Visitor: 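Below you will find the structure I want to go over with you.
Because the structure is predicted, anything quoted here is derived from the model rather than measured.
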Amino acid sequence: MSGETTLTIIGNLTADPSIRFMNDTGHAVVNFTVASTPREFDAKSKQWKDGRALFLRCTQWREAGEHVADSLSKGDRVIVVGKLSQREYTDRDGVKRTVMELVADEVGTSLKYAVARPVRSKNRNGGRPNPKDGNAPGVSDDPFSDFQPSADEVA
């Protein structure tokens, strides 16, 4: 969609990513928070100092979300690219709240301080059974195996 605010953030995960599956679709959604702290040089003391930290909540959906949950953990340095999103909700006390979050398009490990060896997933579900299949073995490698055409496409 045109006009969306795209953002790139580099920082460290504040906790292990949390994964859950949507009841209606079975799609995975992963939530995680990235902390990014700028470093500033203080000319008077001639030392580097930490700036003010930014904590940004991020969301990754479907198979990519499963990969995030399987691959990353607290403290890992990551690069996240996505769309900045604002949503409203009502908390437990009935108070309306607004939250800003980054809906991730891409998540990767920063190689500035680490080494990574990418491993391609075996199938569409990241090598794991599909929760919609009751965790049954033998999930198809065909990415279109559960495709259901709409009424318009059938005609």
Visitor: What are the two closest non-hydrogen atoms of Ile19 and Ala28, and how far apart are they?
Guide: CD1-CB, 4.0 Å
Visitor: Taking the side chain as C-beta and beyond, is there a heavy-atom pair between Thr90 and Arg97 under 4.5 Å?
Guide: no
Visitor: Search all heavy atoms of Asn12 against all heavy atoms of Gly75 and return the closest pair with its distance.
Guide: ND2-O, 3.0 Å
Visitor: Does Asp105 have any side chain to side chain donor-acceptor pair (under 3.5 Å) partners at least two apart in sequence or in another chain, and if so, which?
Guide: Lys83
Visitor: Would a single hydrophobic cluster contain both Leu56 and Val81, if residues Ile, Leu, Val, Met, Phe, Trp and Tyr are joined by side-chain heavy-atom contacts under 4.5 Å?
Guide: no
Visitor: Among the clusters formed by ILVMFWY side chains lying less than 4.5 Å apart, do Leu7 and Val68 turn up in the same one?
Guide: yes
Visitor: Tell me which donor-acceptor pairs under 3.5 Å the side chains of residues 37-46 have, and how far apart each pair is, sequence neighbours excluded?
Guide:
from  : atom 1 : to    : atom 2 : distance (Å)
Arg39 : NH1    : Asp50 : OD1    : 2.7
Asp42 : OD1    : Lys44 : N      : 3.1
Asp42 : OD2    : Ser45 : OG     : 3.3
Asp42 : OD2    : Lys49 : NZ     : 3.0

Visitor: So among Ile10, Ile79, Val78, Val107, which one has a side-chain contact (heavy atoms from CB on, under 4.5 Å) with Val34?
Guide: Val78
Visitor: Can you check whether Leu13's main-chain N or O pairs, donor with acceptor, with Asp76's side chain at less than 3.5 Å?
Guide: no
Visitor: Over all heavy atoms of both residues, which pair between Leu102 and Leu84 is shortest? Give the atoms and the distance, please.
Guide: CD1-N, 4.0 Å
Visitor: Give the intermediate values and the outcome of side-chain contact (heavy atoms from CB on, under 4.5 Å) for residues Met22 and Trp61.
Guide: CA-CA 10 Å; Met22 304 303 292; Trp61 287 84; 3.8 Å; yes
Visitor: Using the test side-chain contact (heavy atoms from CB on, under 4.5 Å), find all partners of Thr14 that sit at least two apart in sequence or belong to another chain.
Guide: Thr33, Ala35, Phe55
Visitor: Which pair of non-hydrogen atoms, one from Ala69 and one from Pro17, has the smallest distance, and what is that distance?
Guide: CA-CB, 4.2 Å
Visitor: Check the pair Thr109 / Arg77 against side-chain contact (heavy atoms from CB on, under 4.5 Å), numbers first and verdict last.
Guide: CA-CA 6 Å; Thr109 302; Arg77 188 168 178 84; over 6 Å; no
Visitor: Would you say that Lys74 contacts Phe32 through its side chain, given a criterion of any heavy-atom pair below 4.5 Å between the two side chains?
Guide: no
Visitor: Got more than 12 heavy atoms from elsewhere within 6.0 Å of CZ, Arg20?
Guide: no
Visitor: Out of curiosity, Glu63 CD to His27 NE2, how far, rounded to the nearest 0.5 Å?
Guide: 12.0 Å
Visitor: Whether the side chain of Asn31 engages the backbone of Thr59 through a donor-acceptor N/O pair (distance < 3.5 Å, no angle test) should be reported.
Guide: no
Visitor: Show the nearest heavy-atom pair for residues Gly65 and Val30, with the distance to one decimal.
Guide: O-CG2, 2.9 Å
